[in-house]
Amino acid sequence: MLNRPRIFTLDDAPQQVLNEHGFHGQDILSVNQFSMASLEYIFDVAEEMRAMVEQQGGAELLKGRVLSCLFFEPSTRTSSSFIAAMERLGGSVIPITQGVQFSSVSKGETLHDTIRTLEQYSDVIVLRHPETGSAKIAAAAAQIPIINAGDGTGEHPTQALLDLFTIKEELGTLDGLHVAMVGDLRYGRTVHSLTQLLLNYDVRFTFVSPEILRLPLDYMNQVKDAGKNVRETYNVADVIGSADVLYVTRVQKERFTDLAQYESVKDYYRISTELMEQAKPTTVVMHPLPRVNEIDVRLDSDPRAAYFRQVKNGMYIRMAILAAVLGKA
Ligand code: ASP
């Protein structure tokens, strides 16, 4: 039961409600901005978005609003889910997602000037950029909300929100879980963001990676400072029988300066159907995608494979975030 006014009435006449958690006009740069109450709030709105989409496909909540989608790195899910989110809410999009090589960035324009320009046309900007901290720089330049859609090896807050939402949807709780993060924990920004969000809950962590891809010390210290039960291992076999969540990631090839080093770890782990025979019937397998070889495609038909459900949840979460920062949720 929602304890706040509903956004959508059944006849699709959306009404504006006050945003009690203060998202209106705010940037979304890091998961650290989210309290447990604001997480629950976004999840409530995302549920409502799901119900609305299932019932009627879309609404007019963000009619007249424009989103600029500025992607300096490749993306499939993040860019298209933000576009779908905006369009399902009746808004429109300036999509600079097919490569900034076709924008004035290729003429040497600075991030600052690109942001200052796009904000003249739009109400919110979603930014993906290869440099850690770039979203903050953009936010300092802009008067309108900036949503960080991945800044280098830093953070990917909206991915972490949809990951957390998916765990809750799949397992019905966020407490008492054993979460195993598998893969490139060093460069994987989704791991960095999700790990921090999970510190709000009663979870036990195992970080599974080859030596050179271990979780950076900063994040490990946060986990330890939060008093969490945590261990590290090189071997997926150590967690397969006890993990409630297996959060698998791709080795981030584009972050390696030495390709030989990438080659040495790229096939280090693989979640196969055989390996999953040892997992619990309730274990949820997640992946932020794209996958390369780390999850066997034969696993896709296993009900425990949640990664495509995770993709869909991304759209509902991003609808909720857009509505919230634009003062309509
Ligand atoms: N799509 C995710 C990201 O942008 C994960 C990945 O690329 O491996 O961080």
Side-chain angles (χ1 to χ4, degrees), residues 28-31 69-85 95-100 125-135 138 146-167 179-198 207-210 212-216 219 245-256 259 261-262 265-271 285-297 305-315 317-318 321:
I28 306 290
L29 304 178
S30 163
V31 289
C69 239
L70 178 62
F71 279 62
F72 289 80
E73 275 189 343
S75 166
T76 300
R77 279 147 292 271
T78 306
S79 58
S80 42
S81 63
F82 267 114
I83 293 170
I96 309 183
T97 55
Q98 299 304 317
V100 284
I125 297 173
V126 170
L127 172 71
R128 170 168 291 184
H129 196 280
E131 277 163 41
T132 306
S134 51
I146 298 288
I147 301 177
N148 180 5
D151 63 331
T153 59
E155 279 211 46
H156 194 347
T158 61
Q159 175 75 44
L161 293 174
L162 76 90
D163 291 341
L164 197 69
F165 182 71
T166 301
I167 297 173
V179 178
M181 304 275 194
V182 182
D184 187 344
L185 312 183
R186 178 177 180 187
Y187 297 122
R189 56 193 172 202
T190 71
V191 169
H192 303 163
S193 288
L194 180 58
T195 299
Q196 293 180 82
L197 271 192
L198 283 167
F207 294 103
V208 186
S209 72
I212 61 168
L213 299 181
R214 283 171 65 184
L215 189 73
Y219 296 109
V245 176
L246 217 50
Y247 189 89
V248 187
T249 60
R250 154 185 87 90
V251 178
Q252 310 274 299
K253 183 177 182 183
E254 67 275 31
R255 312 287 177 214
F256 284 74
L259 269 190
Q261 209 177 42
Y262 165 74
V265 287
K266 75 179 188 359
D267 296 319
Y268 194 89
Y269 45 84
R270 180 171 165 81
I271 310 301
V285 183
M286 295 173 59
H287 193 305
L289 303 177
R291 76 175 142 190
V292 186
N293 284 317
E294 56 280 351
I295 297 182
D296 188 339
V297 292
Y307 27 92
F308 291 114
R309 295 191 289 277
Q310 198 179 341
V311 169
K312 193 156 202 174
N313 289 338
M315 182 175 75
I317 286 288
R318 287 168 177 139
I321 288 287

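Here the structure is a predicted model, which is why all the values come from computation and not from measurement. Order of listing sets the numbers, starting from 1, for every ligand and every atom in it.
Residue contacts with ligand 1 include T190, since one or more of its heavy atoms lies under 4.0 Å from the ligand. Judged by the shortest distance from any of its heavy atoms, A149 lies outside the 4.0 Å radius around the atoms of ligand 1.
Under a 4.0 Å criterion applied to the non-hydrogen atoms of P290, ligand 1 contributes the atoms 1 (N), 6 (C), 7 (O). Using a 4.0 Å cut-off to heavy atoms of H156, the atoms of ligand 1 that qualify are 3 (C), 4 (O), 9 (O).
Heavy atoms of L289 found under 4.0 angstrom from ligand 1 belong exclusively to the backbone. The side chain of R128, and not its backbone, has at least one atom closer than 4.0 Å to an atom of ligand 1 (non-hydrogen atoms only; side chain from C-beta on). Heavy atoms of Q159 found under 4.0 angstrom from ligand 1: none, in either backbone or side chain.
In this structure, the side chain of R186 engages the main chain of I212 through a donor-acceptor pair within 3.5 Å. Between the S193 side chain and the E155 main chain, no donor and acceptor come within less than 3.5 Å of each other. Looking at T132, its side chain never comes within 3.5 Å of a backbone N or O of G152 through a donor-acceptor pair. In this structure, E73 contributes its side chain and F71 its backbone to no donor-acceptor pair below 3.5 Å.
Ring geometry for H192 against Y219 counts as parallel: the plane angle stays under 30°, on a 0 to 90° scale with 60° as the upper cut.
Contact of the Y247 side chain with the I167 side chain is not registered, since no non-hydrogen atoms from C-beta on lie closer than 4.5 Å.
Between R189 and ligand 1, a contact under 3.5 Å exists for at least one N or O pair.
Between E254 and R189 there is no salt bridge, since none of the side-chain N atoms of the basic residue sits less than 4.0 Å from a carboxylate O of the acidic one.
For atom 7 (O) of ligand 1, the closest non-hydrogen atom on the protein side is R250 NH2, 2.8 Å.
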